[in-house]
Amino acid sequence: MSGVWIFYKNGVTRLIPNPTRESFEQMEPPYPGTATAPGARPRVLIYLPANQVIRSYTELEQRLTEVGWTRYRPNSFCQPDLVQFHRSEHSAHLISLPANFDQFKSFHMYDIVVKNKSFFEVRDPNAL
């Protein structure tokens, strides 16, 4: 049997014999700002000093500013569909995120964690 197997948390599996993008897009993400691939475990970004779940770009910008990041303000050099943060004018460190927080995925979270190891962590929301 070929196709894509979808494994749900309740133990049920389902085979999609001829998967299309539309068949995956019909599945609503369980939490905004988390992994949306069918069968993917949702993740949340945690700001460790306050043990705070980051739920919006307002919260994320506040915490990144506290640890030394500066937001690029929209201009002719920035892409309008991105929110970008840089470490300093003389640094190559850059964090690029989608403009819509609902499109904030786990790989964006891990990018933040890699660049701020002692301040952020990615966790399973059920383990909180």
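Listed by chain and residue number, Arg123 satisfy the side-chain hydrogen bond (donor to acceptor under 3.5 Å, both in side chains) test with Asn51 (two or more places apart in sequence, or in another chain). Listed by chain and residue number, nothing satisfies the salt bridge (charged side-chain N to carboxylate O under 4.0 Å, His left out) test with Arg55 (two or more places apart in sequence, or in another chain). Residues satisfying the salt bridge (charged side-chain N to carboxylate O under 4.0 Å, His left out) criterion with Asp111, sequence neighbours excluded, are Lys115. Residues satisfying the side-chain hydrogen bond (donor to acceptor under 3.5 Å, both in side chains) criterion with Tyr47, sequence neighbours excluded, are Glu66. In this structure Glu61 satisfies the salt bridge (charged side-chain N to carboxylate O under 4.0 Å, His left out) test together with Arg71, Arg73, sequence neighbours excluded. The side-chain hydrogen bond (donor to acceptor under 3.5 Å, both in side chains) check on Ser56 picks up nothing, with sequence neighbours excluded. Qualifying ring-ring contact (aromatic ring centres under 6.0 Å, His included) partners for His86, counting only residues two or more places apart in sequence or in other chains: Tyr72.
Considering only heavy atoms from C-beta on, Ile46 comes within 4.5 Å of Val53 through its side chain.
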(message) What verdict does the side-chain contact (heavy atoms from CB on, under 4.5 Å) test give for Ile112 and Trp69, after you've listed the backbone C-alpha separation in whole Å, the side-chain angles of each residue and the deciding distance to 0.1 Å?
(response) CA-CA 11 Å; Ile112 293 169; Trp69 291 86; over 6 Å; no

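Residues Asp124 and Arg43 come closest through the heavy atom pair CB-NH1, 3.4 Å.
Once rounded to the nearest 0.5 Å, the distance linking CZ of Arg63 with CG of Leu48 reads 11.0 Å. Once rounded to the nearest 0.5 Å, the distance linking CZ of Phe85 with CG of Asn116 reads 11.0 Å. We find the NE2-CG distance between His108 and Leu97 to be 6.0 Å, quoted to the nearest 0.5 Å. Between the OH atom of Tyr57 and the CD atom of Glu59 there is a distance of 12.5 Å, given to the nearest 0.5 Å.
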